[in-house]
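Worksheet: the structure to be examined is printed underneath.
As the structure is a computational prediction, the values presented were derived from the model and not from experiment. As the structure lists them, so they are numbered: ligands from 1, and atoms in each ligand from 1.
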Amino acid sequence: MDYALLNAQLEALAQAEGWYVPLMANAAALLWETLTDINWAGFYIVKNGNLVLGPFQGKTACIHIAREKGVCGAALRENRTQMVPDVHQFPGHIACDSASNSEIVIPLHSAAGAVTTVLDIDSPALNRFSADDQAGLERFARTLETYMKGLEAVEKTIYLAGGCFWGCQKYFDLMAGVLETEVGYANGPTPNPTYEQVKHDHTGHAETVRVKYDPARLPLRELLEKYFLVIDPVAVNHQGEDFGIQYRTGIYYADPADAPVVTDALKALAARYDQPLAVENKPLENFYPAEEYHQKYLEKHPDGYCHIHFD
Ligand code: SME
């Protein structure tokens, strides 16, 4: 199979039109015309954290796939290609067409790295897709995602204060589904505070991490549960060896739709403690990025102080 030629054909189509509907429609048709021994080729699009049927070639297919379900859901959640030599051995496989015996599903991303879509190809043959097919089709997916325009942006942002922001940033950077982080000073009255002002003049800001994440891979509730693992939620103005109002814990949301999720998560957390929670639950009032030397501090200083124990 000449995947270089297939990729060149896709490039030509993509240059003619980048809007995702015609591009996906023709990409599916191109796969359908080119690949032998397949019975379905097409796309599922991420919508509200789950998958909905997109352009395809083949028999009519399931319209909705929950993120927990099927090979497509696994590709979305794990953000990696699923090669399934025998679909009957895959727990939770969804048989849209009983003739399918093997399948490959590849996630596609936005520029920020969130999963926007999955490409799904099914075959009536067992073990239809080789490592060469996987490499060629992943290249096809990379080309497609660079051109595809007009898909809803699905990245979300939340602001989390959990004590010293050096360790918190590293913790969130290690988490699957986190797209980007930045440390800064949130919800204090002085504009553009410096680290020294926040630390010594008690400006009232909290050391906070701006966390941009892919809600389809990491729903807010799961992100908050992971955040709870590294904070002492009953400590007041104190985490680890750090004391002061800048080390308070807090969840600051920029999207009012997040408020009930935050409230529910904190209610469930409170039930696990005898003392009242000290974690703030507030809309974001302001966030001032910290000085460059504080960004990714523990990458720059691997032996630097950290109140979070990564083991
Ligand atoms: N088999 C897929 C469902 C989509 S159909 O193959 C078109 C799955 O298990 O996710």
Closest protein heavy atom to atom 2 (C) of ligand 1, given as residue, atom name and distance to 0.1 Å: Glu103 OE2, 3.1 Å
Counting only nitrogen or oxygen atoms and a 3.5 angstrom limit, does Cys72 reach ligand 1? yes
Using distance alone, determine whether Lys69 and ligand 1 share an N or O pair under 3.5 Å. no
Proximal atoms of ligand 1 relative to Asp122 (non-hydrogen, under 4.0 Å): 5 (S), 6 (O), 7 (C)
Please work out which of the three classes, parallel, tilted or perpendicular, describes the rings of Tyr195 and Tyr293, given edges at 30° and 60°. perpendicular
Around atom 4 (C) of ligand 1, find the nearest protein heavy atom and jot down its residue, atom name and distance. Asp120 OD2, 3.3 Å
At what distance is the nearest protein heavy atom to atom 8 (C) of ligand 1, and which residue and atom is it? Val71 N, 3.3 Å
Indicate whether the side chain of Gln197 and that of Thr190 have a donor and an acceptor atom separated by less than 3.5 Å. no
Would you please indicate yes or no on a ring centroid separation below 6.0 angstrom for His294 and Phe165? yes
Counting non-hydrogen protein atoms only, what is the nearest one to atom 9 (O) of ligand 1? Give residue, atom name and distance. Ile94 N, 2.8 Å
Any Tyr44 heavy atom less than 4.0 Å from ligand 1: yes
With a 4.0 Å cut-off on N to O distance, would you call Arg142 and Glu145 a salt bridge? yes
So which protein heavy atom does atom 5 (S) of ligand 1 come closest to, and at what separation? Cys96 SG, 3.2 Å
Charged N to carboxylate O under 4.0 angstrom, Arg272 versus Glu225? yes
Taking the basic N atoms (NZ, or NE/NH1/NH2) and the acidic carboxylate oxygens, is any pair closer than 4.0 Å for Asp258 and Lys156? yes
